[in-house]
Amino acid sequence: MHIGRGTAMGSNLVGGGCAFRLWAPRASEVHVLGDFNDWRRSDASLLVENQSHWTGFFPHAKEGQHYKYWVAGPGSTGMKRDPYARELEGAFWNCVIRDPLAYPWHSAGFRSPAFEDLIVYQFHVGVYYATDDRGGDARAARGARFLDVLDRVEYFVELGVTAVQPLPIVEFSTRFSQGYNGTDYFSPEFAYGVEARDLDRYLATANKLLAARGGAPLRREHLVGAANQLRVLVDVLHVYGIAVILDVVYNHAGGEFGDESLFFVDRLPFGNNNDSLYFTDRGWAGGLVFAYWNGGVRQFLIDNAKFFLDEFHLDGFRYDEVSVIDRFGGWSFCQALTQTLKFAKPSAIQIAEFWNPSKEFAVKPVGDGGAGFDLVWDDRLRDTVRGALAQATSGRDGSFTWSGVAAALASAPGFDAPWRAVAMLENHDVLLASHSEADKKPRIAAAADPSNSRSWYARSRARVAAGLLMTGPGVPMLFMGQEFLEDKYWSDSTEQANLFIWWDGLAVDRVMSDYLRFMRELIARRRAEVALRRGRINVYHAWDPTRVLAFHRWMHGSGEDVVVIASMSETTHYGYRIGFPRAGRWTESFNSDVYDGWVNPEVAGNGGSIEAHDGEMHGLPAWAEIVVPANGLLIFRFSST
């Protein structure tokens, strides 16, 4: 009575025991061995085959017990990890029976922001932030864990981001990883889990955060295991109004497949790379591409996405290298994936990394031949702003043009809305220290002044670059440390402590703390201005001789108007005549020059407001004389006629 065709895959606590289900169409025999049967193979441990799926019920199996499958296949016999294992533990990577309903969620009513209101923060759990009991940096000693990120929740709130996007967090076989070589897709990486003996400090932190928002306290057992610790992190972030977008890798898996791994699920001969149930024999990024032609494989990946939405209350996904999925015949899989999740959770955010000239097809509706994703990564602003920075570093007399930036600020061709693009200046790929010189780019602080990443040139140009990101169209994404002018490449290895984000710098480096204040208030300005998040855009002035660029953002029919003016000139322009969308008073709501040595005693600005006069200029019906600070960014908001 506890098993049938509708039994869920993996291990599922039900009716005083546990039901198991495994897809292994080429296996001749499957047993479940675990703590509940002393790891003995017998007739009582045998699963029953039903149309390529093996099922069984074990009345004595319970929460927290370990298990594995013993599979006889065409090539070999032996142990196999459950592809749907909710958690792995220990030196032998045993699967763990877990009750997904045991965690007492505080944020069941959380709703993620509208897509166009997203401000995304990307980070790597293992090297992001961790302190020991004395407050010292613990990253080099043990690596950072899910629960260490609790110490940054209030920081995220103060920064103003509306979503965080950790790099992939599923099990990987190597000691260090960006996360893109996962092997066990339903199990959060147990190296990111805190052992039970060390939980007290983290329990206190979690309960302090929850109590501050009126939440009931957790008990120690709620934090046992890496999976529950990920739930705690998601729960607390939700309580504080921050969405969690998981980075998932459905284009390939692995890099180091072991004999008990997903590759050998139905016990092929070890080392056989040509006849795997789950994979093709085509390599990508050190792993193997999934076999999208196989309905069971497609279902496995779709089940994986639904699993994280349902059991971890995740708010959406960033899908790694959809271009590769498409290249190997997975376009229809993408369509099935996005449509299934839209039905299961319409608010779920689905972001594609799709490096294709016809980028808009990633976000076009399935009915129009598109893949049905909501947003897509876009490198146009990243590359053109970096190009402008490179030109600016040649000095005031060097060649300079705004043409690339102006084109990138315009809505991408084929998009039905400008927010469909995820814009960025930095991300994990281009900043990874281990990449070749051809594949990586300097951090913005270093790109702004290669000779001195703390100079006035570096910090002022970096403020302009960030200002263009936060005021331009598209959903902006930051990479960890970008918000306080981190200038080093990053590494996923805790053995390279010299590449860790320098958190201590916020206390001793005035440039970093001032820049963080700038970013917080810039993000706050974006969140306060609907036109900056959802409005149309008109780049109406891009004058290379003065290095001044201006664009208008507005909400049609609402009367909300914002003008953004950026300068890459090393000289302040006084009495600069420039067009405005209408006559009247415009409030100077933001001036990046204020933040240079906060509060800058020599700030160049407009005293809080300017008056625009009737008269056509730069294709607009009004004009004004303004002060444009050197290497500065201004935001004007229409006040009154």
Side-chain angles (χ1 to χ4, degrees), residues 1-4 7-25 27-50 52-73 76-103 170-171 173 182-191 193 195-196 221 224-231 257-267 277-278 300 303-304 307 311:
M1 64 179 289
H2 300 300
I3 59 174
T7 300
M9 300 294 290
S11 61
N12 298 277
L13 292 167
V14 60
C18 188
F20 294 87
R21 192 174 190 222
L22 173 71
W23 178 53
S28 58
E29 192 174 328
V30 177
H31 295 256
V32 176
L33 309 183
D35 296 337
F36 42 86
N37 59 12
D38 295 324
W39 295 85
R40 294 177 181 174
R41 180 165 53 90
S42 65
D43 289 344
S45 67
L46 183 67
L47 298 187
V48 177
E49 183 182 22
N50 181 7
S52 301
H53 290 77
W54 299 79
T55 56
F57 177 74
F58 294 77
H60 302 297
K62 59 186 179 181
E63 159 78 22
Q65 290 185 320
H66 290 190
Y67 73 97
K68 282 182 181 175
Y69 294 117
W70 185 94
V71 180
S76 62
T77 61
M79 292 294 201
K80 175 69 191 74
R81 296 194 299 275
D82 184 353
Y84 282 75
R86 286 185 170 90
E87 192 164 356
L88 301 180
E89 280 186 352
F92 298 103
W93 284 41
N94 289 333
C95 308
V96 185
I97 298 171
R98 288 297 188 203
D99 179 2
L101 303 179
Y103 181 76
V170 300
E171 291 289 356
S173 58
T183 56
D184 296 79
Y185 271 49
F186 288 73
S187 175
E189 171 57 48
F190 63 77
E195 294 186 23
E221 59 265 30
V224 173
N228 264 351
Q229 291 169 24
L230 176 58
R231 289 186 177 94
F257 290 109
D259 189 44
E260 296 185 355
S261 72
L262 185 66
F263 185 89
F264 303 101
V265 66
D266 47 3
R267 300 306 305 182
L277 182 63
Y278 279 85
F300 169 78
D303 285 349
N304 182 251
F307 164 79
E311 297 196 6

Contact summary for S11 and D82, nearest pair of heavy atoms:
N-OD2, 3.7 Å

Using every non-hydrogen atom in the two residues, find where A19 and V14 come nearest and quote the distance to one decimal.
CB-CG1, 4.0 Å

To the nearest 0.5 Å, what is the distance between CZ on F36 and OG on S45?
9.0 Å

Could you report the tightest heavy-atom contact between V32 and N37, atom names first, then the distance?
O-ND2, 2.9 Å

So, do H53 and T7 sit near enough that their side-chain heavy atoms are less than 4.5 Å apart?
no

Would you say P100 and R231 make side-chain contact, with heavy atoms under 4.5 Å?
yes

Just by distance, do the side chain of E29 and the backbone of A72 share a donor-acceptor pair under 3.5 Å?
no

Please check this pair: side chain of W70 against backbone of L33, looking for a donor-acceptor N/O pair closer than 3.5 Å.
no

Would you find a donor on one side and an acceptor on the other, under 3.5 Å apart, between the side chain of H31 and the backbone of S42?
yes

Does the side chain of P83 reach to within under 4.5 Å of the side chain of F186, using non-hydrogen atoms?
no

Interatomic spacing from SG in C18 to OH in Y67 - rounded to 0.5 Å
7.0 Å

Test side chain to side chain contact (heavy atoms under 4.5 Å, CB included) applied to F307 and R86, step by step
CA-CA 9 Å; F307 164 79; R86 286 185 170 90; 3.9 Å; yes

Which heavy atom of P188 sits nearest to which heavy atom of A226, and what is that distance?
O-CB, 4.3 Å

Distance-only, no hydrogens or angles: does the K62 side chain make a donor-acceptor pair with backbone N or O of G17 under 3.5 Å?
no

L22 and V265, any side-chain heavy atoms less than 4.5 Å apart:
yes

pair L47-Y69: side-chain heavy atoms closer than 4.5 Å:
yes

Aromatic ring pairing Y185/F300, orientation class (parallel under 30°, perpendicular over 60°, tilted between):
tilted

From CG (L46) to CH2 (W54), nearest 0.5 Å:
7.0 Å

Would you give the length of the straight line joining atom CD1 of I97 to atom CG of D35, rounded to the nearest 0.5 angstrom?
8.0 Å

Contacts of H66 that satisfy side chain to side chain donor-acceptor pair (under 3.5 Å) - sequence neighbours left out:
E89, N94

Is there a side-chain contact between F190 and E171, using heavy atoms and a 4.5 Å cut-off?
yes

Residues passing the ring pair (Phe, Tyr, Trp, His ring centres under 6.0 Å) test with Y103, sequence neighbours excluded, are W105

Give the C-alpha distance, both sets of side-chain angles, the deciding distance and a yes or no for side chain to side chain contact (heavy atoms under 4.5 Å, CB included) between C95 and L88.
CA-CA 5 Å; C95 308; L88 301 180; 3.9 Å; yes

Rounded to the nearest 0.5 Å, the CG atom of L277 sits from the CZ atom of F264 at a distance of 12.5 Å

Atom pair CG/CD of L230 and E311 - distance to nearest 0.5 Å:
11.5 Å

Are F20 and Y84 close enough, and set up right, to give a ring-ring contact (aromatic ring centres under 6.0 Å, His included), and what steps lead you there?
CA-CA 10 Å; F20 294 87; Y84 282 75; over 10 Å; no

Yes or no on side chain to side chain contact (heavy atoms under 4.5 Å, CB included) for D184 and W93, after CA distance, side-chain angles and deciding distance?
CA-CA 10 Å; D184 296 79; W93 284 41; 3.5 Å; yes

Would you find a donor on one side and an acceptor on the other, under 3.5 Å apart, between the side chain of N228 and the backbone of A102?
no

Would you indicate whether the side-chain heavy atoms of K68 and K80 approach each other to under 4.5 Å?
no

